[in-house]
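First up is the structure itself, then whatever we jot down about it.
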Amino acid sequence: MRNMKTDIMSLSVKELEQYLEKLGEKRFRARQIFSWIYKGADSFEDMTNLSKELKSKLSENAALKKLKILSIQNSKKDGTRKYLFALADGNSIESVFMKYKFGNTVCISSQAGCLMGCSFCASAINGLQRDLTAGEMSDQVISVEKDAGEKVSNIVVMGTGEPFDNYENLSKFLSNIHEKDGLNIGMRSITVSTCGLIPKMMAFAKEFPQVNLAVSLHAPNDTLRNKIMPISKKYPLEELLAASRKHIAETGRRLTFEYALVKGVNDSERNAKELAERLRGINCHVNLIPLNQVIETGLHGTERKETERFLEVLQRHGIQVTVRRELGGDIDAACGQLRLKNVIN
Ligand code: SAH
């Protein structure tokens with residue numbers, strides 16, 4: 001049998017403690033190692049407060065699977081940076097660094113590719129390759145922070161993949177980056193976006209009540225939603241809205257609905273009215289995203305005037321709504337533009 005090395009970057013502090021005990025080491029070493037990982041150590045050699053003996057024991061039994069930066073694109077418009085990372089198995093993923101007034105934000109991917117098949121999204125084009133490990137999610141933040149030389153205060157899980165289709169690893173990742181010796185990121189500074197996997201939304205409300213939840217709606221009825229989001233056939237809109245209400249009731253927090261405006265598909269005044277009716281009485285905020293161009297889909301974003309009109313209809317009906325400021329559009333780093341890249345040319 002192949003000697004499988006322990007993926008040390010995916011362990012929680014507790015698991016790391018157990019692991020070190022198994023290696024015949026003291027438990028307190030766990031926090032030291034954990035904190036080196038989140039400080040961006042590239043190897044066990046870098047962990048200078050560990051004994052030589054422990055370092056070699058770790059190299060023998062464990063792997064520090066770092067992501068490799070393949071390329072960085074800088075937006076000329078707004079300081080956004082898109083990172084292309086290689087995973088150890090040759091797959092690749094993208095992450096985005098954004099500067100907002102409230103702090104630096106990293107948008108991370110949760111899977112290599114995506115299974116959900118939304119018709120307008122670049123991430124769906126080549127299907128799902130595999131789930132990311134908790135360590136691979138953390139390392140996107142660690143590596144970006146190190147490369148940018150700036151502290152990251154906010155995380156959005158809105159890159160490639162459906163986070164709730166990789167729930168276990170997502171949940172481990174969130175707990176790890178929240179750790180004081182990890183990245184010390186507040187739960188309220190994290191947002192997870194889902195296309196609406198209802199059972200996981202309910203679990204999430206219990207496990208991570210402080211993390212912001214965003215739900216990708218994109219249509220005010222099932223007929224339309226079924227056409228652009230296959231997941232809608234499994235979890236119809238009425239059930240999704242009921243689950244959203246439940247999430248709000250359980251967490252006591254407002255929820256965000258994302259609505260990508262696709263020209264001639266879901267952006268009419270009628271669509272806006274129907275959406276407003278559907279959302280009436282829900283403590284939510286609607287984020288309108290004029291569709292970002294993904295050449296293969298043949299779909300186009302709603303123009304400015306029509307976007308304004310859609311916004312006004314919602315406002316008139318008392319819905320809290322904003323148009324998302326697009327960052328990184330010139331480097332294909334905007335919502336729905338992240339994709340699996342072929343590393344081998
Ligand atoms: N799978 C999750 C995470 C993706 S988050 C989800 O569906 O929510 C990315 C957000 O961008 C989602 O709301 C997604 O629907 C939206 N999106 C996808 N393609 C887009 C595009 N071309 N233009 C604008 N938004 C898009």
Side-chain angles (χ1 to χ4, degrees), residues 1-69 83 85-89 91 93 95 104 106 108-110 130-155 157 163 166-190 207-208 210-211:
M1 212 179 88
R2 214 151 52 103
N3 172 24
M4 285 285 278
K5 290 189 171 182
T6 299
D7 169 19
I8 207 158
M9 291 196 62
S10 290
L11 301 183
S12 64
V13 176
K14 215 172 186 173
E15 287 169 335
L16 203 48
E17 282 173 352
Q18 288 161 353
Y19 179 68
L20 283 158
E21 277 183 333
K22 248 186 21 207
L23 288 181
E25 294 287 333
K26 293 268 188 324
R27 287 166 73 93
F28 78 90
R29 294 286 178 204
R31 280 208 179 264
Q32 290 180 328
I33 296 169
F34 193 84
S35 104
W36 277 116
I37 291 174
Y38 289 87
K39 261 190 276 179
D42 286 318
S43 67
F44 295 119
E45 263 327 294
D46 283 0
M47 305 183 179
T48 49
N49 56 357
L50 305 184
S51 70
K52 223 171 155 186
E53 190 207 340
L54 175 54
K55 282 190 273 196
S56 71
K57 224 191 253 182
L58 286 171
S59 317
E60 236 169 75
N61 297 287
L64 197 70
K65 292 186 189 164
K66 295 292 290 180
L67 300 175
K68 213 171 96 198
I69 299 180
Y83 290 80
F85 288 111
L87 309 176
D89 65 359
N91 272 307
I93 50 158
S95 320
N104 295 328
V106 179
I108 71 138
S109 294
S110 55
R130 70 167 171 85
D131 288 337
L132 298 190
T133 63
E136 286 166 337
M137 285 187 247
S138 299
D139 204 21
Q140 294 173 57
V141 188
I142 298 168
S143 299
V144 168
E145 200 169 67
K146 197 169 175 181
D147 179 79
E150 289 183 55
K151 178 74 187 141
V152 168
S153 55
N154 294 65
I155 306 287
V157 187
N166 184 16
Y167 190 87
E168 286 306 312
N169 292 339
L170 172 79
S171 131
K172 222 167 187 194
F173 156 72
L174 295 178
S175 307
N176 282 348
I177 56 166
H178 176 63
E179 274 284 337
K180 175 166 75 9
D181 296 318
L183 293 175
N184 198 14
I185 291 181
M187 288 295 180
R188 286 167 186 257
S189 307
I190 304 173
E207 231 184 308
F208 296 99
Q210 293 193 313
V211 173

Applying side-chain contact (heavy atoms from CB on, under 4.5 Å), run through M47 and I37 and close with a yes or a no. CA-CA 9 Å; M47 305 183 179; I37 291 174; 4.2 Å; yes
Using the side-chain contact (heavy atoms from CB on, under 4.5 Å) rule, take K146 and D42 through it: C-alpha gap first, then chi angles, then the decisive distance, then the call. CA-CA 11 Å; K146 197 169 175 181; D42 286 318; 3.3 Å; yes
Determine, step by step, whether E179 and K14 satisfy the salt bridge (Lys or Arg N to Asp or Glu O under 4.0 Å) criterion, reporting the C-alpha distance in whole Å, the side-chain angles of both residues, the deciding distance to 0.1 Å, and the verdict. CA-CA 11 Å; E179 274 284 337; K14 215 172 186 173; over 6 Å; no
Please assess I108 against F173 for the test side-chain contact (heavy atoms from CB on, under 4.5 Å), listing each intermediate value before the final yes or no. CA-CA 11 Å; I108 71 138; F173 156 72; 3.7 Å; yes
Apply side-chain contact (heavy atoms from CB on, under 4.5 Å) to the pair L87 and L67, showing each step before the final yes or no. CA-CA 5 Å; L87 309 176; L67 300 175; 3.3 Å; yes
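Judged by distance alone, the side chain of N166 and the main-chain N or O of L132 form a donor-acceptor pair under 3.5 Å. Here the side chain of N176 pairs a donor or acceptor atom with the backbone of L11 at under 3.5 angstrom. One N or O on the side chain of N104 and one on the backbone of K151 form a donor-acceptor pair closer than 3.5 Å. A donor-acceptor contact shorter than 3.5 Å is absent between the side chain of S143 and the backbone of Q140. With hydrogens and angles disregarded, no donor-acceptor distance shorter than 3.5 Å links the side chain of E17 to the backbone of A30. Side-chain atoms of K172 do not come within 3.5 Å of backbone N or O of G135 as any donor-acceptor pair.
Rounded to the nearest 0.5 angstrom, K52 NZ and K57 NZ are separated by 15.5 Å. S56 OG to N61 CG: the interatomic distance, rounded to the nearest 0.5 Å, is 9.5 Å. Annotation: the span from W36 atom CH2 to L50 atom CG amounts to 8.0 Å, rounded to 0.5 Å. Between the OG atom of S175 and the CE atom of M187 there is a distance of 5.5 Å, given to the nearest 0.5 Å. A distance of 6.0 Å separates CG of N169 from CG of D131, quoted to the nearest 0.5 Å. Atoms CD and CG, on E136 and D7 in that order, are 7.5 Å from each other to the nearest 0.5 Å.
Shortest non-hydrogen contact noted between N91 and R130 is ND2-NE, 4.0 Å. When all heavy atoms of G40 and I142 are compared, the pair lying nearest together is CA-CG2, 3.5 Å. What you find for Y19 and I8 is that their closest heavy atoms are CE2-CD1, 4.4 Å. Contact record, N49 with Q32: ND2-NE2, 3.6 Å, taken as the closest heavy-atom pair. Of all heavy-atom pairs between S10 and A134, the closest is OG-N, 3.7 Å. A pairwise comparison of heavy atoms in S171 and E207 identifies OG-OE2, 3.2 Å as the closest pair.
A salt bridge is defined here as a Lys NZ or Arg NE, NH1 or NH2 lying under 4.0 Å from an Asp or Glu carboxylate O, and E21 with R27 meets this definition.
Proximity of L183 to V152: side-chain heavy atoms (C-beta onward) are nowhere separated by under 4.5 Å. A heavy-atom distance below 4.5 Å is found between the side chains of L58 and I33.
Within 6.0 Å of NZ in K65 there are 12 or fewer heavy atoms belonging to other residues, nucleotides or ligands.
Ring geometry, F85 versus Y83: the interplanar angle falls under 30°, so the pair is classed parallel (tilted spans 30 to 60°).
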